[in-house]
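Labels below follow one simple rule: chain letters A, B, ... track the order of the sequence lines, proteins then strands, and each chain is numbered from 1.
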Protein chains: 4
Amino acid sequence: MSPRSPEQNQAQREETRQRILMTALKAFAEKGYAATSISYIAKEAGISKGLTYHYFNSKEDLLHGIFHCLNSFSGEAIALLKNKSPQEQLRLTVEMTFDYIQKNPDLMRFMTSLALQPDAMVTLKEDIKMHKQQTIDVYTKLFSTLNYPAPEAEAYYLGAMLDGVALGSLALQEDYPLAAIKEKILNHYQL
Amino acid sequence: MSPRSPEQNQAQREETRQRILMTALKAFAEKGYAATSISYIAKEAGISKGLTYHYFNSKEDLLHGIFHCLNSFSGEAIALLKNKSPQEQLRLTVEMTFDYIQKNPDLMRFMTSLALQPDAMVTLKEDIKMHKQQTIDVYTKLFSTLNYPAPEAEAYYLGAMLDGVALGSLALQEDYPLAAIKEKILNHYQL
Amino acid sequence: MSPRSPEQNQAQREETRQRILMTALKAFAEKGYAATSISYIAKEAGISKGLTYHYFNSKEDLLHGIFHCLNSFSGEAIALLKNKSPQEQLRLTVEMTFDYIQKNPDLMRFMTSLALQPDAMVTLKEDIKMHKQQTIDVYTKLFSTLNYPAPEAEAYYLGAMLDGVALGSLALQEDYPLAAIKEKILNHYQL
Amino acid sequence: MSPRSPEQNQAQREETRQRILMTALKAFAEKGYAATSISYIAKEAGISKGLTYHYFNSKEDLLHGIFHCLNSFSGEAIALLKNKSPQEQLRLTVEMTFDYIQKNPDLMRFMTSLALQPDAMVTLKEDIKMHKQQTIDVYTKLFSTLNYPAPEAEAYYLGAMLDGVALGSLALQEDYPLAAIKEKILNHYQL
DNA sequence: AATGAATGAGGGTTCATTCAT
DNA sequence: CATGAATGAACCCTCATTCAT
C-alpha cells in the first residue's frame, strides 16, 4: 500500500517543511508577524491550513523554525569567511551586512524586530541571545587575531554599529546615507 | 451655560487623555503594539473601552499620540543641553542615552520598535523619519561646532552607534557590557 | 433670577425641538435611520447630545416625533386642496405626489421605508396605519364626490399606484419614466 | 488525496451555505437588514459566528447572496408562464403576486425594502435596478404581444400597481382590501 | 435648560487552532 | 499524510444612553 519508500517520505516531509518555512519567512518579513495569518501562509505555500499544523505546533513554533533557519543562513555567511585573511574577513563582514541591508530590507526588519519581541516569548528570547552572542564571539576572535587591545569591547562596538545602521536605514530608507557610513566604518578599521 | 465649567472640563479631559496615553505607552512598550488590545489599555487605565475612542479615533491614532508625547520628551532632553559647551553637550548626549537604556528599557524598546512597524502605517513612518532627522540635525550641528571634517556622516555614525547599543542591550539584557561600550564611545570622542 | 418669561421659555423650547426634529429628518432621509447617530444629529443641530434627551426620550421617540411632523406636513398638503373642484383636487394630488418624488427622493425614501419598519416598533406601525387610512379616506371622499361606483376600491387603487411609482422611481432613479406614467395616470382619470 | 471526498465537501459546503442564506433571509425579512446581527443569524442557523465569514465575506455580501437567490426564485416564477397564452400570462402574473403578498409578507417586505436601502450600497442598487428592469421587460413584451398601444408605459404602470399594493398591504395588513384591489386590476386588464 | 465625559453592550470581523474524515 | 469546515475567543470600533455638574 505504501508506494513511497521511507526515504522518499522523509525527503518529501523535509521539502514541505522548508516550503512552509520559506513562505512564512517571506510573509513575516513583508507584512510582520502579527499581520500574517496561518491561512495566508498555507495558501501561499500551496498546502492546506491543517497541514501546517502537522509541521509546526503553532504560529509561534513557526516563528522559532524561521529563526533557526535564519540562524543557519548566518552560519553560511560565516562559512564564506573561511580561508580569508582576518582583514579580509572584517571587510567582508561589513560589506555583507551593508549589502543585506540594501537588498533585503524586509528581511532585515524582520530579523531586527525579533530582538524586540515582547517578554512573552521567552524561548525565542533565549535563542536570540545565543545567536547574538555567537556573532559577538566571531567578531571577538577576529579582533583578537588582529591584536586589538580590547577585542570583546571592539566586537560589541562593531555589532552595535551594524545593528544601528540597519535600524537607521529602515527608518529613513532612501534618505539614509548608507554609502557614507560604510566608508566611515571601513576607514575606522583601516580596510 | 455649561454646568461643569469649561476649565474643569478641559482639565478633566487632559487628565484622562494623559492617563490613557501613559497606560498605552507602558502596555505598548511591554507587550508590543500589535499584541496590546484597547481592552487591555482601558482596563489598566481604569476606564471603559468606549472612552478610549472619545480621546483617540483609533488604535493607530493612539500610537501617534504616544509618539508625539515621546517626541516632546526628547525635546526636553535637548533643552537640557542648552548653555553647555559642545564637548559637554556631546558627553551628555551619550550619557543620557545610556542612562535611558538602563533605566527605561521598555520605553526604549517601544521607541526602537517604532522604526520596525510594517509599511502599512505610512503616517507614523513619516513622523519617525522627521524625528530621526531632527536628532541627526542636532548631532550634525554639534560636530560642526567641534570642527569635525564630515559632521553629517559623524552624526549618522553616532546615531547608529547609540541605536545599536540600545538594540543589543535589549536583546542581551544584563549580559550586555553597557559600561565598556560607553567607555569606548566616550574615548572615541575624547570626552 | 429668571430673565426669561415663561412664554419665552416655551417658545425657545419649541424652537429647539423643531430644530432637532428637522435635523433628524434630514439625516434619517439621507443616511437612513439605523445609520444616523444621535451624536450626529446633535452636532448638526448645534446642540449637545444630552439635550437631545431632554426633548426626546430615545432615538425611537425621535422617529415618532418626525412621523407626526411629517403627518402635519401632509395635512398642509391636503389643506391646499381646499376650495378646489373635485377634478382639480384629484389632479393636484397626483401632480403633488410626482413633484415630491422628483424633488425630495431622500425624504420620499424615508417615508416609504417607514411603512416597512420591522415588527418591533409597534406603536409606530399603528401611527403609520392611521396615516395611510387617513389618506385613503381623503381619496375615498374624493371619488365619492366624483360619483365613482366603488370609491373606496378606487382610493386604494390610486394610493397603490402612487406608492408604487415612488418605489419604482427610487429603485430605477433617472431611468424611471416618471413623465410617461404621470401622463398615463392623469389620462386614466381623464384629468 | 482529500480524506473527505471532494463531493462530500462540496455537498456540505452547499448545504451550510444554503442554511445561512435562508436563515439570513428570514431574519432580514422579519427585522430588517440593519437591525439583524450576524450573531443572531449564526445562532438561528445553529452555527458559529465565524463560520458565516467562511461563506460570506461580509454582511453586505450576505445580502447580495440573498438577493441573487431571490432573483433565481423569480426566474422560476417567470418559467411557470411558459406555454401559456398572453392573457393567461398576464392573469397569472397578477395572481401570483397577490398570492405572494398574502403568503410571504415577510419576504415581500424584504424585497420591497431592498429598493429603500441608503445610497451607500451601490453594488446592491445596481443589482436591484437590473432585476426591476428585467421584470419591466417581461411585462413590456407581454403588453406588446397583446397589442397595447404603449406597452412599456403599460409595463411600468402594472409594475407600480403591484409594488404599491405590496407596500399598502404591508402597512395596513389585514385591513388592506387585497381581494377588492385584485378584482379591480383584473378588470382593468379585462382578465 | 444644558453639557459632554463616561459607560457598556453589542456590532462586524479575523484568526489560531481543532477535528472528522 | 492531508483537507478544509467549523469553532470560539478576541479584536477594533460604534453608539444609545446616563449623569455629575
Side-chain angles (χ1 to χ4, degrees), chain A residues 2 4 9 12-13 16 34-43 47-62, chain B residues 1-6 8-10 12-13 15-17 34-40 42 47-60 62, chain C residues 2 4 9 12-13 16 34-43 47-62, chain D residues 1-6 8-10 12-13 15-17 34-42 46-60 62:
Chain A
S2 174
R4 264 170 298 187
N9 244 325
Q12 157 123 15
R13 238 193 106 74
T16 305
T36 302
S37 71
I38 295 283
S39 263
Y40 177 80
I41 294 171
K43 199 182 296 170
I47 61 167
S48 74
K49 221 185 324 182
L51 193 53
T52 311
Y53 282 88
H54 258 280
Y55 290 94
F56 301 93
N57 291 322
S58 67
K59 197 183 175 186
E60 194 178 331
D61 194 30
L62 192 43
Chain B
M1 277 292 182
S2 181
R4 219 186 272 109
S5 77
Q8 275 178 308
N9 246 327
Q10 183 59 30
Q12 165 140 3
R13 242 195 107 74
E15 195 211 304
T16 305
R17 206 188 119 92
T36 303
S37 73
I38 296 282
S39 266
Y40 177 83
I47 60 168
S48 71
K49 215 186 339 180
L51 190 54
T52 311
Y53 288 90
H54 213 65
Y55 290 92
F56 301 94
N57 291 322
S58 65
K59 196 184 174 186
E60 193 175 334
L62 185 47
Chain C
S2 173
R4 263 171 298 190
N9 246 325
Q12 157 124 13
R13 240 194 104 75
T16 305
T36 302
S37 71
I38 295 284
S39 264
Y40 177 82
I41 294 171
K43 199 182 297 168
I47 61 167
S48 73
K49 223 186 320 183
L51 192 53
T52 311
Y53 282 88
H54 258 280
Y55 290 93
F56 301 93
N57 292 322
S58 66
K59 197 182 173 186
E60 194 177 331
D61 194 30
L62 191 44
Chain D
M1 276 294 181
S2 182
R4 221 186 270 111
S5 77
Q8 275 179 306
N9 246 327
Q10 184 59 29
Q12 165 138 5
R13 242 194 106 74
E15 195 211 305
T16 306
R17 207 189 118 91
T36 303
S37 72
I38 296 284
S39 268
Y40 177 82
I41 294 171
I47 60 169
S48 71
K49 212 182 347 174
L51 191 55
T52 311
Y53 286 89
H54 214 65
Y55 290 92
F56 301 93
N57 291 324
S58 65
K59 197 184 173 185
E60 194 176 334
L62 185 47

Which part of the nucleic acid does A:Ser58 contact within heavy-atom distance under 4.0 Å: base, sugar-phosphate only, or nothing? sugar-phosphate
### Query
Base, sugar-phosphate alone, or nothing: which one does C:Leu51 contact when heavy atoms must sit under 4.0 Å apart?
base
NE2 (B:His54) and CG (B:Asn57) are apart, to the nearest 0.5 Å, by 11.0 Å
Taken to the nearest whole Å, CD1/A:Ile38 to C1'/F:dA9 is 17 Å
Taking E:dA5, E:dG12, E:dT17 as options, the one with an atom nearest any side-chain atom of B:His54 is E:dA5
*asked:* Do C:Leu62 and C:Ile41 make a side-chain contact, defined as non-hydrogen atoms from C-beta onward lying under 4.5 Å apart?
replied: yes
### Task
Identify whether any heavy atom of B:Tyr55 sits under 4.0 Å from a base atom; if not, whether one sits that close to sugar-phosphate; answer base, sugar-phosphate or nothing.
sugar-phosphate
Of the listed F:dT7, E:dT17, E:dA2, the closest approach to the D:Ile47 side chain comes from F:dT7
message = Taking only side-chain N and O atoms of D:Gln12, does any of them lie within less than 4.0 angstrom of OP1 or OP2 on F:dA6?
response = yes
D:Tyr55 meets the side chain to side chain contact (heavy atoms under 4.5 Å, CB included) criterion, sequence neighbours left out, with D:Arg13, D:Thr16, D:Arg17, D:Ile20, D:Leu51
| Are OP1 or OP2 of E:dG11 and a side-chain N or O of D:Ser37 less than 4.0 angstrom apart? | yes
The answer to which of C:Gly50 and D:Thr52 contacts DNA chain F further toward the 5' end, by nearest nucleotide, is D:Thr52
To the nearest angstrom, the OH-C1' distance between C:Tyr40 and F:dT17 comes to 21 Å
Note: A:Ile38 and A:Lys59 closest approach over all heavy atoms is CD1-CG, 3.9 Å
Exercise. For A:Arg13 and F:dC1, is the shortest distance between a side-chain N/O and OP1 or OP2 below 4.0 Å?
Worked result: yes
In whole angstroms, the gap separating P of F:dC19 from CG of C:Asn57 amounts to 14 Å
For F:dT14, does either OP1 or OP2 sit under 4.0 Å from a side-chain N or O belonging to B:Tyr53? no
F:dA6 phosphate, OP1 or OP2, under 4.0 Å from D:Thr16 side-chain N/O | yes
dist D:Ser37:OG -> D:Lys49:NZ (nearest 0.5 Å) comes out at 8.0 Å
C:Thr36 and C:Tyr40 have their tightest heavy-atom pair at CG2-CD2, 4.2 Å
Of the listed E:dA5, F:dT7, F:dA16, the closest approach to the C:Lys59 side chain comes from F:dA16
Q. Below 3.5 Å, does any donor atom in the side chain of B:Lys49 face an acceptor in the base of E:dT7, or the other way round?
A. no
Here the distance between atom C1' of E:dA5 and atom CD of B:Glu15, to the nearest Å, is 12 Å
Annotated structure of DNA chain F as dot-bracket, pair cut-off 3.5 Å, Watson-Crick or G-U only, | for inter-strand, is .||||||||||||||||||||
